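The structure under discussion appears below in the form of structure tokens.
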Number of protein chains: 2
Amino acid sequence: MTFQAIESQSTAELLAEQIRDAILVGKLHPGDRLIEQELSESFKTSRGPIREAIRILATEGLVEHRKNRGAIVAAPNFDDVLEVYAMRMSMGSIAVTHASQLSLETELDVRKVTKKLEAMRTAVGGNANRMISLDLDFQSALIALGALPRITEMFEQTAVDIGVFVRFLGIKYDDSDHKELISRHEKLLKAIKEGNASQAIEIWNGHIQASVREFMKPFSEVEINELFERPLMNNLFEMEMKR
Amino acid sequence: MTFQAIESQSTAELLAEQIRDAILVGKLHPGDRLIEQELSESFKTSRGPIREAIRILATEGLVEHRKNRGAIVAAPNFDDVLEVYAMRMSMGSIAVTHASQLSLETELDVRKVTKKLEAMRTAVGGNANRMISLDLDFQSALIALGALPRITEMFEQTAVDIGVFVRFLGIKYDDSDHKELISRHEKLLKAIKEGNASQAIEIWNGHIQASVREFMKPFSEVEINELFERPLMNNLFEMEMKR
DNA sequence: GAATTGTAGATTGTTGACAATTTAGGAGTA
DNA sequence: TACTCCTAAATTGTCAACAATCTACAATTC
């Protein structure tokens, strides 16, 4: 028998994870400073690994690194939401198409996606953040089917972004849509397995649009109409520019 | 009057630049090891900044970082070319569309693009690598007009990728196409300024396709036909799947 | 002889000390 | 008061030494 290689994370990665979670959970707020010595003391490590962790978070865009002045937690706005989802829509289309056209030697990966979907199914009624996180996991696994490393990587990245948006722009997961969400995901996976790329893309785009709409819910009628004036909304909602 | 803040690069960034150039220029080959101590000795610095530089290059994908085993220069293949250009095509479409729809308060940025174009014009007959690099500069500046930070950032990133491809997959810049290239760029910029998004996209996509074709030139007829079998080629050449 | 185990050398990971830079606030000046 | 200049504290940047880990190869076993 053969075991899967276990790869222990480096201290820096571990630290980055902890700090990232602290931001996503709201223990750290936009504008808060990350002071190397403070962190190294509370994590009981030296400043070296902390530095690396901060650099990791900086490339993720979670913190902003100013030369000689340290890092601060970054603050997102709605333009960021639109950009991130525009990226996810079109990159996702590529990945999903590619996955559809690949002869699924990716058997193992398909298993992973199914598993994520299962996790979502059993998690009905859980709290909103948990559901959102599971949904993002599913999407990441799905996109990974495309076997395009850079695009997959970019998805991981934008998933972190979305975590920040959820935290700082506020969003409530709508439980009533849960069933619909899962059935959409099922259809999407099915389309990919059957090699029906165009259908897969259609479902994918629909999902992205639904996600963006979630972010618009906290806004008023008037504000939403204003949002639809923004250029990027074209990319996301193409023809049907009216709700 | 007000001056633009001059921001001196950190040692690590400087080092990363040096090493990156060494890779792009071919002084370092895929598989070569980057040994921290060696580098720190030849750069006359300590290992700290070297470490950071290597981490930077690792996130750029130029080197591969193996835990406890150091970093090696990464090796690209044609799949990478296809993925990178697929990303540039669709991300570029978003940026170009967005730029077209923006009321050009981006006056300053437009100036920058024009300048890059001018640089290309005056550089006729220069060596191939120089032309390619100028072309990439132009494209980056153009995409920056979209004012979408993540997409702009991604373009910088994939430009580095392309540098690696050019170096290690070989490509010869075709001087005879030079005029056509520049006139295409002019039309593209003009379309954006006039807010003609659909035309801009069309030109953009054409340019991407032309770039990919450049990378296919070293291949034989038979090999090229094989390339067109690859799923990703659909995204790049859509309908016209025959040369 | 092939496979396994042990070991020395090379290399990365971590640490605490010191240097350089930035920031904030007070003293001095008009 | 408003402004500039200066200084001290806070903080990041750099360094060299030490610890942990990996690689290659020799020694050992079957």
Side-chain angles (χ1 to χ4, degrees), chain A residues 1-20 22-23 28-75, chain B residues 1-20 22-23 28-75:
Chain A
M1 109 136 254
T2 156
F3 286 104
Q4 189 176 359
I6 95 146
E7 43 205 50
S8 64
Q9 290 172 298
S10 71
T11 315
E13 279 167 346
L14 241 30
L15 289 169
E17 209 165 272
Q18 296 274 319
I19 300 172
R20 188 187 300 116
I23 295 174
L28 289 168
H29 306 87
D32 280 0
R33 298 184 59 188
L34 297 180
I35 290 156
E36 295 180 2
Q37 187 155 6
E38 266 181 24
L39 292 170
S40 70
E41 276 163 17
S42 61
F43 281 118
K44 301 255 194 306
T45 173
S46 73
R47 278 175 52 218
I50 297 281
R51 265 167 154 268
E52 264 187 58
I54 289 179
R55 158 139 263 137
I56 292 173
L57 297 173
T59 65
E60 288 176 2
L62 266 179
V63 309
E64 196 178 325
H65 185 89
R66 297 126 355 126
K67 186 171 149 64
N68 280 320
R69 308 197 302 151
I72 58 171
V73 178
Chain B
M1 111 135 251
T2 156
F3 285 105
Q4 189 174 0
I6 130 150
E7 44 205 47
S8 65
Q9 290 173 298
S10 71
T11 316
E13 279 167 348
L14 241 28
L15 290 169
E17 209 164 271
Q18 296 275 319
I19 301 172
R20 188 187 300 116
I23 295 175
L28 289 169
H29 305 86
D32 280 1
R33 297 184 59 189
L34 297 180
I35 291 157
E36 294 180 2
Q37 187 155 9
E38 265 181 24
L39 293 170
S40 70
E41 277 163 16
S42 62
F43 281 118
K44 301 255 192 310
T45 172
S46 74
R47 280 176 52 219
I50 296 281
R51 262 167 158 270
E52 265 188 57
I54 290 179
R55 160 139 264 139
I56 292 173
L57 296 173
T59 64
E60 288 177 1
L62 266 180
V63 308
E64 195 178 325
H65 185 89
R66 296 125 358 125
K67 187 173 149 60
N68 280 323
R69 307 198 299 150
I72 57 171
V73 178

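Note that the structure is a prediction, hence the values are computed from the model and not measured. Naming convention: chains lettered A, B, ... in sequence-line order (proteins, then strands); numbering from 1 in each chain.
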Quick one: side-chain contact (heavy atoms from CB on, under 4.5 Å) partners of [X], sequence neighbours excluded?
X: A:Ala22; value: A:Lys27, A:Leu28
X: A:His29; value: A:Asp32
X: B:Gln18; value: B:Phe43
X: A:Ile35; value: A:Arg33, A:Glu38

Scan residues 44-53 of chain A for pairs that pass salt bridge (Lys or Arg N to Asp or Glu O under 4.0 Å), counting only residues two or more places apart or in two chains.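 Matches after skipping sequence neighbours: A:Glu36-A:Arg47, A:Glu36-A:Arg51, A:Arg51-B:Glu52, A:Glu52-B:Arg51, A:Glu52-B:Arg55.
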
Would you mind listing every salt bridge (Lys or Arg N to Asp or Glu O under 4.0 Å) that reaches into residues 57-66 of chain B, with sequence neighbours excluded?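 Residue pairs passing salt bridge (Lys or Arg N to Asp or Glu O under 4.0 Å), neighbours aside: B:Arg20-B:Glu60.
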
Between the protein and nucleotides 20-24 of chain C, list the N/O to N/O atom pairs that are separated by less than 3.5 angstrom.
{"residue": "C:dT21", "atom": "O3'", "partner": "A:Asn68", "partner atom": "ND2", "Å": "3.2"}
{"residue": "C:dT23", "atom": "OP1", "partner": "A:Arg69", "partner atom": "NE", "Å": "3.2"}
{"residue": "C:dT23", "atom": "OP1", "partner": "A:Arg69", "partner atom": "NH1", "Å": "2.3"}

Just to be sure I understand the geometry, which residues of residues 41-63 of chain B put a non-hydrogen atom under 4.0 Å away from DNA chain C?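 When residues 41-63 of chain B is checked for heavy atoms under 4.0 Å from DNA chain C, the hits, listed by number, are B:Arg47, B:Arg51.
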
Measure from [atom1] on [X] to [atom2] on [N] and round the result to the nearest Å.
X: B:Leu39; N: C:dT11; atom1: CG; atom2: P; value: 11 Å
X: B:Ile72; N: C:dT12; atom1: CD1; atom2: C1'; value: 15 Å
X: A:Glu36; N: C:dG16; atom1: CD; atom2: P; value: 14 Å

Taking all non-hydrogen atoms of both residues, which atom of [X] and which atom of [Y] are closest, and how far apart?
X: B:Leu57; Y: B:Ala16; value: CD2-O, 3.7 Å
X: A:Ala71; Y: A:Ile54; value: CB-CG2, 3.7 Å
X: B:Pro30; Y: B:Ala74; value: CB-O, 3.7 Å

Carefully, step by step, assess A:Ile72 and A:Leu34 under the rule side-chain contact (heavy atoms from CB on, under 4.5 Å). CA-CA 6 Å; A:Ile72 58 171; A:Leu34 297 180; over 6 Å; no

Does a side-chain N or O of B:His65 approach OP1 or OP2 of C:dT11 to a distance below 4.0 Å, or not?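 For C:dT11, neither OP1 nor OP2 has a side-chain N or O of B:His65 closer than 4.0 Å.
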
Need two values: the first and the last nucleotide of DNA chain D, 5' to 3', having an atom under 4.0 Å from any heavy-atom of chain B.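 Result: D:dT14 to D:dT23.
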
